Amino acid sequence: MRLIEDRLENMSGGDAHGPDRIFDVGVAFEGDGTIRSLRLRALDDVGVYPGRAPLQLGKPVGAICGPYQVKSVEYEAISVTTNKTSQTAVRGFGQAPTNVAIEMAVDRVAAYLGLDRIEVRRRNLIRADQFPYTIPSGSEYDSGDYHTVLDKTLDLADFDRLVARRDAMRAEGRLVGIGIATCLEPGGGNSAFEPLFNPANDTTTWMESCQVKIDMTGQITAIIATSTSGQGHETLVSTVVGEILERDPDTIRVVHADTLSGMPTNTPVASRMAIMLGGAAARAARKVKADLMRIAAHNFGVEVDALTYVDGMVGTGDGRSLSFADLVTIAHRKMHLMPPDMEPGLQATSVMQVPQGGTLPTEDGRVQMYPCYSFEAHIPLVEIDPDTGRVAILAYWIGHDCGTVINPDIVRGMINGGIAHGIGAALYEKFEYDEDGQHLSGSFMDYLLPSAHEVPDIHLVEHFTPSPHTEFGQKGAGEAGYLGAPAAIASAVNDALAPLGVSTSTLPMRMRDLEALLSEARARSETAAE
């Protein structure tokens, strides 16, 4: 027997929705736009079987004030169950809705004071010389240069010309807007927010493992325990091991352990693979490299510090050297040339703990939840059809900093996919029900997804602020794009609506909702004209 769900069955009960969250936000700010304090209340509908869904209200604690110098934050998180389809973890684990709330608040502060949205952000962004920076919840931001990334993004978009383009289109009677969002991507997370919800859960580690072997033929194999679903774990690990052992990554084999022989792992959640799997692979490879150096030092009769390692060849200052093949042969076949306290063969395993992890929250709830914080600045240009409410994204620019980039293609793929995901969250995707609880979006005729027609060309500029806590300075990138795109698109839509004196704070901003808002604005205008 087997059950084959149709789409309605899947979306009504078998699948799961993302955050369905209502925010109340209060802001205390100065006349120059400096934000002093935030008050956030989040009410999240987790559906019928919550599982781990309420924990998505916990991740924002680690970046509760975004990239801004906010001195105090009050955060009330409420999770409720209903008869809706269950909620599950979605890319970013609940951070994206909080980013929308924070960015909308910043835009409203700017509008209230009559200040430029970008200038208000400049005044509040944490400066490069302030890192490491501790936020009110106790988490420490590792590194960053937010002002430079923002400036690079503005330059990429040729912002002054972009504003002139928007204004010229508005003069033609078109509804055009520019969005701005500056957001953080916490990465490499541990389980520290779980004890915040349940003190009986004192888990303090989300480790990751890798084993590196060199067989007697010189073939390098890396064994990993985490399955990939398109993130490029194999490419990541072969690149890292190749970097340490100075061998061509294309010659390094990466295999997955089975469930019985697998090493400790905690899956790819929390933008953690570059940090954790990359870190474990680097540490295991360094152990193997150290063994190669010990073998060479023993044969040359010198200290390891007197040797050089270049492309797998180990040499001395007086011209003696052993090739990679020589060292591998000694390790596997020539025990008489091995150091007396060293086992034959070449293999090493590393089980890596989350940097700055391993501790429980303090009595007042302060905790280090993520070791690394990437930064992104988004600038989309959108146009709203005045008759239908359809939003078209005309152009999109993003500046991104995830520290040292191990593989640029993977990072750019994550960014592009994340922005596409964010476009869906901002404009299309919604599990909808009527007043009687009937599911109204049980097919892809009703539950809309962005296609290649709705996702524009994405223009990217990169910046690199290494993290002091990781092997190469790398940070997370798996949730990139999505954590800022909904906020940026909402900012652009409201900028387009601003000349009509209306705005929206509900996502997704679907055609019918915007059309109703535009009709209301026209009716108000006609009434005023009478």
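Predicted, not measured: the structure shown is a model, and the values here were computed from it. Quick note: residue numbers are just sequence positions, from 1.
- Residues Glu74 and Leu38 have side chains not in contact (no heavy-atom distance under 4.5 Å, counting atoms from C-beta outward).
- At a cut-off of 3.5 Å, with distance as the only test, no side-chain donor of Ser143 or Thr465 sits close to an acceptor on the other residue.
- Side-chain atoms of Thr265 and Ser209 include no donor-acceptor pair closer than 3.5 Å.
- Residues Gln368 and Glu140 bring no donor and acceptor atom of their side chains to less than 3.5 Å of each other.
- Judged by distance alone, with hydrogens and angles left aside, the side-chain atoms of Thr153 form a donor-acceptor pair with the main-chain N or O of Gly399 at under 3.5 Å.
- Residues Ile458 and Ile398 form a side-chain contact, since some pair of their non-hydrogen atoms from C-beta on lies under 4.5 Å apart.
- Within 6.0 Å of OH on Tyr112 lie no more than 12 heavy atoms contributed by other residues, nucleotides or ligands.
- Using a 3.5 Å distance cut-off with no hydrogens or angles, the side chains of Glu376 and Ser374 do not pair a donor with an acceptor.
- Few gaps surround CZ on Arg123; more than 12 heavy atoms of other groups in view lie less than 6.0 Å from it.
- Residues Asn201 and Glu194 have side chains that bring a donor and an acceptor to within less than 3.5 angstrom of each other.
- Looking only at side-chain heavy atoms (C-beta outward), Lys475 and Thr404 stay at 4.5 Å or farther from each other.
- A salt bridge does not link Asp24 to Arg39: none of the charged nitrogens lies less than 4.0 Å from a carboxylate oxygen.
- Other residues, nucleotides and ligands contribute over 12 non-hydrogen atoms within 6.0 Å of the CG atom of Asp364.
- Between Val61 and Tyr75 the shortest side-chain heavy-atom distance falls below 4.5 Å.
- For the 3.5 Å distance criterion, the side chains of Arg117 and Ser491 qualify, holding a donor opposite an acceptor.
- A side chain to side chain donor-acceptor pair (under 3.5 Å) with Arg122 holds for exactly one of Thr182, Asp151, Asp116; it is Asp151.
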Open item on the list: Under the criterion side chain to side chain contact (heavy atoms under 4.5 Å, CB included), I'd like the reasoning laid out for Met11 against Glu5: C-alpha separation, chi angles, the key distance, then a yes or no.
Closed with: CA-CA 9 Å; Met11 297 185 76; Glu5 294 180 316; over 6 Å; no

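- Taking the six-membered ring where the residue is Trp, Tyr447 and Phe431 present perpendicular rings, their angle passing 60° and hence far from 30°.
- The backbone N or O of Ile178 lies less than 3.5 Å from a partner atom in the side chain of Asp495, making a donor-acceptor pair.
- No side-chain donor from either of Ser467 and Gln474 sits under 3.5 Å from a side-chain acceptor of the other.
- Under the 30°/60° scheme for interplanar angles, the aromatic rings of His439 and Tyr433 are found to lie parallel.
- Between Arg510 and Glu432 there is a salt bridge, since at least one side-chain N of the basic residue sits less than 4.0 Å from a carboxylate O of the acidic one.
- The pair Lys84-Asp20 counts as a salt bridge, with a side-chain nitrogen and a carboxylate oxygen less than 4.0 angstrom apart.
- A salt bridge is absent between Lys152 and Asp155: the closest approach of a Lys/Arg side-chain nitrogen to an acidic carboxylate oxygen does not fall below 4.0 angstrom.
- Residues Asn407 and Thr239 bring no donor and acceptor atom of their side chains to less than 3.5 Å of each other.
- With no hydrogens or angles considered, no side-chain donor-acceptor pair links Gln95 and Glu185 at under 3.5 Å.
- The one candidate from Tyr146, Tyr133, Phe131 that meets the ring-ring contact (aromatic ring centres under 6.0 Å, His included) condition with Phe375 is Tyr146.
- Looking only at side-chain heavy atoms (C-beta outward), Val120 and Phe29 stay at 4.5 Å or farther from each other.
- Contact check for Met273 versus Thr226: side-chain heavy atoms found under the 4.5 Å cut-off.
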TODO: Might you work through the side chain to side chain contact (heavy atoms under 4.5 Å, CB included) test for Tyr396 and Ile419, ending with a clear yes or no?
DONE: CA-CA 9 Å; Tyr396 206 108; Ile419 290 174; 3.7 Å; yes

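- Between Arg7 and Asp446 no salt bridge is recorded (no basic side-chain N to carboxylate O distance below 4.0 Å).
- Side-chain atoms of Glu462 do not come within 3.5 Å of backbone N or O of Pro408 as any donor-acceptor pair.
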TODO: In sequence, state the C-alpha distance, the side-chain angles, and the governing distance for Leu57 and Phe197, and then conclude on side chain to side chain contact (heavy atoms under 4.5 Å, CB included).
DONE: CA-CA 10 Å; Leu57 290 166; Phe197 285 77; 4.2 Å; yes

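- Between Tyr141 and Tyr373, the angle of the ring planes lies from 30° to 60°, which puts this pair in the tilted group.
- Taking the side chain as every heavy atom from C-beta outward, Glu383 and Arg390 never approach each other to under 4.5 Å.
- For the 3.5 Å distance criterion, the side chains of Ser79 and Asp44 fail to qualify, holding no donor opposite an acceptor.
- Using modelled atom types and a 3.5 Å distance limit, the side chains of Glu234 and His256 yield a donor-acceptor pair.
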TODO: Show your working on side chain to side chain contact (heavy atoms under 4.5 Å, CB included) between Ile393 and Leu381 and close with a plain yes or no.
DONE: CA-CA 6 Å; Ile393 302 175; Leu381 175 70; over 6 Å; no

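- Between the side chain of Arg272 and the backbone N or O of Gly187, no donor-acceptor pair lies under 3.5 Å.
- Remark: Asp107 engages Arg121 in a salt bridge, criterion side-chain N to carboxylate O under 4.0 Å.
- Residues Pro50 and Gln87 are not in side-chain contact: their nearest non-hydrogen atoms beyond the backbone lie 4.5 Å or more apart.
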